[in-house]
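Step one of this worksheet: look at the structure below.
Just so it is clear: chains get the letters A, B, ... in the order the sequence lines come, proteins before strands, and each one is counted from 1. This is a predicted model, so every value here is computed, not measured.
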Number of protein chains: 2
Amino acid sequence: MELDRIDRKILSILQEDGRIANVELAERIGLSPTSIGERLKRLQREGFVEGYGARLNPHRLGLGLLVFVEVLLDKTTPDNFERFARAVKLAPEVLECHMVAGGFDYLVKARLADMTAYRRFLGETLLSMPGVRETRTYAVMEEIKRDAPLPVG
Amino acid sequence: MELDRIDRKILSILQEDGRIANVELAERIGLSPTSIGERLKRLQREGFVEGYGARLNPHRLGLGLLVFVEVLLDKTTPDNFERFARAVKLAPEVLECHMVAGGFDYLVKARLADMTAYRRFLGETLLSMPGVRETRTYAVMEEIKRDAPLPVG
DNA sequence: TAGTTTGCCTTATAAAATGAGGGCTAGAAG
DNA sequence: CTTCTAGCCCTCATTTTATAAGGCAAACTA
């Protein structure tokens, strides 16, 4: 249940290179491939590792615009939150959505081709979602740090 | 240079399961493993795929608190932006940092163990960074959507 | 102390990745 | 119209990797 130094090293390396061969992982850590394999299987079984994914370059895919949108909901209808959440999960442009405590209700992160695509997204998707009362958009001018690995050390 | 239907399918599948065997990927798409391998190598060479990573469960790692922090910089010193960017890259708690257009300068996304850890982070890391004038913190109460795949279709 | 668990090892076997070589087709050039 | 070439896919042989079985030693427990 507790992670030792080797577990953390496995997680750390896998976070950077999720497709590394077990053999290479083993020799970088200094154990046999079998042991590493067993540990890794345990880490997955116990839920530390949820899966693996390719890191794609959004700009290369024509998604040049990153925006954050603060969303305020109309709170007169009680099931608006539930319905908004469901709608957000269906929108492919939305990469993240979080309910926050503070001046607004939701923070949405979305990637789009350009401002034209964003205007369409705002009008046809976001503002059409159930109970949305107000939005504030922040366009990203420069990505200083992107998807850093979780600190496991 | 242009992506066809098969390329997109490869990217789409790999985004969800970055460790899928080439053989299985091939039969899910309906081509030979060799062809898929060649395409994949091309997609990496041309920068569509930047790498692979394990998806870790932050809560399982003791990082139960997700926060977004809006940061305003003191703009009297011109190189503050540069220095702030450098400092942010060194902080392991910071998963993302974006320079935005609008009411503030940077949006920081960070994961921490709890509010106690956040207070320390705010005081010792964020507010100690060069040129930081003001911050507004939004704690996430519920993650509606987390790290969705990029739309490649 | 004796039994049991845990974590690692080696070895054998099964599966997958990789590289060489060849065929088919579409478009370009003669 | 024919020939050449480039792109894309295939099969097959070889190397590399994953996986499963079994054993050994240290630590923990009764």
Taking the side chain as everything from C-beta on, heavy atoms only, tell me whether [X] gets closer than 4.5 Å to [Y].
{"X": "B:I10", "Y": "B:V49", "value": "no"}
{"X": "A:R39", "Y": "A:D7", "value": "yes"}
{"X": "A:K109", "Y": "A:L66", "value": "yes"}

Please pick, from [options], the nucleotide with the shortest atom-to-atom distance to any side-chain atom of [X].
{"X": "A:T34", "options": "C:dG19, D:dC9, C:dC9", "answer": "C:dC9"}
{"X": "B:V23", "options": "D:dC10, D:dA18, C:dA16", "answer": "C:dA16"}
{"X": "A:A21", "options": "D:dA18, C:dC8, D:dC10", "answer": "D:dA18"}

Give the rounded distance in Å between these two atoms: [atom1] of [X] and [atom2] of [N].
{"X": "B:E24", "N": "D:dA18", "atom1": "CD", "atom2": "C1'", "result": "15 Å"}
{"X": "A:L25", "N": "D:dT19", "atom1": "CG", "atom2": "P", "result": "13 Å"}
{"X": "A:E38", "N": "D:dG23", "atom1": "CD", "atom2": "P", "result": "16 Å"}
{"X": "A:E2", "N": "C:dG7", "atom1": "CD", "atom2": "C1'", "result": "17 Å"}
{"X": "A:R42", "N": "C:dG7", "atom1": "CZ", "atom2": "C1'", "result": "10 Å"}
{"X": "B:L43", "N": "D:dC8", "atom1": "CG", "atom2": "C1'", "result": "14 Å"}
{"X": "B:L31", "N": "C:dA17", "atom1": "CG", "atom2": "C1'", "result": "16 Å"}
{"X": "A:N22", "N": "D:dT19", "atom1": "CG", "atom2": "P", "result": "7 Å"}

[N], OP1 or OP2 - any side-chain N/O from [X] closer than 4.0 Å?
{"X": "B:R39", "N": "D:dC9", "value": "yes"}
{"X": "B:S32", "N": "D:dC10", "value": "yes"}
{"X": "B:K41", "N": "C:dG19", "value": "yes"}

CA sep, side-chain torsions, deciding dist, call: A:F68, B:H98, ring-ring contact (aromatic ring centres under 6.0 Å, His included)
CA-CA 10 Å; A:F68 285 88; B:H98 309 279; 5.2 Å; yes

For B:Q44 and B:Y52, does a side-chain donor sit closer than 3.5 Å to a side-chain acceptor?
yes

Assert: residue with more 5' nearest nucleotide on DNA chain D, out of B:D4 and B:R19, is B:D4

